[in-house]
Student: 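Here you go, one structure.
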Protein chains: 2
Amino acid sequence: MKDIRSRLIKLFKQGYCTPQIARIAKKIKEPATTIHYNIKKLEKEEAIKTYKAVFDYKKIEEGYCIYILVNLIQENYAEPEKIAKEIAKDSRVESVDVVTGDYELIIKLRCKNIDEYYEYAKEAIKKYGFAKTISLTSLKQVKTEFVELN
Amino acid sequence: MKDIRSRLIKLFKQGYCTPQIARIAKKIKEPATTIHYNIKKLEKEEAIKTYKAVFDYKKIEEGYCIYILVNLIQENYAEPEKIAKEIAKDSRVESVDVVTGDYELIIKLRCKNIDEYYEYAKEAIKKYGFAKTISLTSLKQVKTEFVELN
DNA sequence: TATAAAAATTGTATAATATTCAATTATTTA
DNA sequence: TAAATAATTGAATATTATACAATTTTTATA
């Protein structure tokens, strides 16, 4: 056995997909070449970042999803973006935003289970200088990445 | 002019993409048929929900991104999932989760600007029975949908 | 508002890619 | 340990994307 599966999941999280021009052409009843031209234009202006897969995360061992609201320690308070970029590198992080209000950052994280989350949290607090965090554990993921999950 | 662009964006938000088998085969140095077989298996077990595009949302007039923490009114408190499913139907909603803690729901929303957001908020409070909301406006989207935005 | 330049649409031809199928190998089950 | 099931693979075929040139539409400018 070659465990192609896990390598596919890794690649599909961020890319290795492409538009279905023929299907779109049929759907919106325009010539495939017109569709092709317009897609290339969107790509050229970098309005499209990538094409990727959306998973049912429970089925790929990433069913534990948490939103983390973060206050940074004083030293890091002035450069939340730099910290956010560090945080973004972790493959379990679905999203990171620098935000207004009572918190500096909001992270959306996908882990296998609560134990893996605990490991992440312990490390992150030290590594990224979190002063305080509030975690909202997802009980039910109704929609992700614009895709309804039912 | 046919305004193919906006129709493409709409389709690409949730689908109309497909894996690049040849590219993956080259990348991980396995036969294309093996890749094909493994992808179909992932699809069959519904581990993969769809293939879609990720946008630079500023470039498609959806640059205003907000996380909304929601408390439901007493009447709706017992069925957050039902409300979440209603919320999920709106195409501006990237994600909705039912969560633990001080709030019942967390919504990630993408709008054109603050005005559009205000319209959404006004309507949502009534329509979905929000008792109280806290909005975290994204100042900088560092990573979304597992894709770093720089 | 006429005209030139640029951008967008389109059909045809071709190149690239996915998919089918049958054979082989590996793994699991009883 | 044999039989059944699942996974890997190469060759043939079907489908799809892409390149290209021609045409139409839109925009810019005098």
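Chain identifiers are assigned alphabetically (A, B, ...) following the order of the sequence lines, protein sequences preceding nucleic acid strands; residue numbering begins at 1 within each chain.
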Student: Which of these nucleotides, dA7(D), dT10(C), dT8(D), is closest to any side-chain atom of Thr34(B)?
Tutor: dT8(D)

Student: Report yes if a side-chain nitrogen or oxygen of His36(B) is closer than 4.0 Å to either non-bridging phosphate oxygen (OP1 or OP2) of dT19(C); otherwise report no.
Tutor: yes

Student: To the nearest Å, how far apart are Ile4(B) CD1 and dT25(D) P?
Tutor: 14 Å

Student: Let me know, please, whether Arg23(A) or Asp3(A) comes out on the 5' side of the other along DNA chain D by nearest nucleotide.
Tutor: Asp3(A)

Student: So, the side chain of Lys52(A) versus the backbone of Glu145(B): is there a donor-acceptor pair under 3.5 Å, distance only?
Tutor: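 Indeed, once roles are kept as given, a pair shorter than 3.5 Å links the two residues.
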
Student: Distance-only, no hydrogens or angles: does the Lys140(B) side chain make a donor-acceptor pair with backbone N or O of Glu81(A) under 3.5 Å?
Tutor: no

Student: Tell me: CD of Glu43(A) to P of dT18(D), nearest whole Å?
Tutor: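 Checked: the CD to P distance equals 8 Å.
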
Student: Between Lys10(A), Lys13(A), Arg110(A), Lys108(A), which is the residue that forms a salt bridge (Lys or Arg N to Asp or Glu O under 4.0 Å) with Glu62(A)?
Tutor: Lys13(A)

Student: From CD1 of Ile24(A) over to P of dT18(D), roughly how many Å is that when rounded to an integer?
Tutor: 11 Å

Student: From dA18(C), dA8(C), dA17(D), pick the nucleotide closest to the side chain of Gln20(B)?
Tutor: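 The closest nucleotide is dA18(C).
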
Student: Can you tell me the distance, in whole Å, between the CD1 atom of Ile35(A) and the C1' atom of dA8(C)?
Tutor: 12 Å

Student: Side chain of Pro31(A) only, heavy atoms from C-beta on: which candidate in dT10(C), dT8(D), dA17(D) is closest?
Tutor: dT10(C)

Student: What nucleotide, of dT9(C), dA17(D), dT17(C), holds the atom closest to the side chain of Ala22(B)?
Tutor: dT17(C)

Student: Round to a whole Å and report the spacing from CD1 of Ile39(A) to C1' of dT9(C).
Tutor: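 Atom-to-atom, Ile39(A) to dT9(C), this comes out as 14 Å.
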
Student: Hydrophobic clustering (ILVMFWY, side-chain heavy atoms < 4.5 Å, transitive) - are Ile21(B) and Ile9(A) grouped together?
Tutor: yes

Student: Grab the NZ-P distance between Lys41(B) and dA6(D) for me, whole Å please.
Tutor: 10 Å

Student: Starting from the 5' end of DNA chain C, give me the residue, Lys2(B) or Thr18(A), whose nearest nucleotide shows up first.
Tutor: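 On the 5' side of the pair lies Lys2(B).
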
Student: Does a nitrogen or oxygen in the side chain of Tyr37(A) sit under 4.0 Å from OP1 or OP2 of dT9(C)?
Tutor: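 Negative; the distance criterion is not met.
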
Student: Starting at atom CD1 of Ile28(B), determine the distance to atom C1' of dT8(D), rounded to an integer number of angstrom.
Tutor: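 Rounded to whole Å, this separation is 13 Å.
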
Student: Inspect the surroundings of CD1 in Ile73(A) and state if more than 12 heavy atoms from other residues, nucleotides or ligands are less than 6.0 Å away.
Tutor: yes

Student: Look at Asn38(A) and dA8(C) and indicate whether a side-chain polar atom (N or O) is within less than 4.0 Å of OP1 or OP2.
Tutor: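 Negative; the distance criterion is not met.
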
Student: Grab the NZ-P distance between Lys26(B) and dA18(C) for me, whole Å please.
Tutor: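 Atom NZ in Lys26(B) sits about 11 Å away from atom P in dA18(C).
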
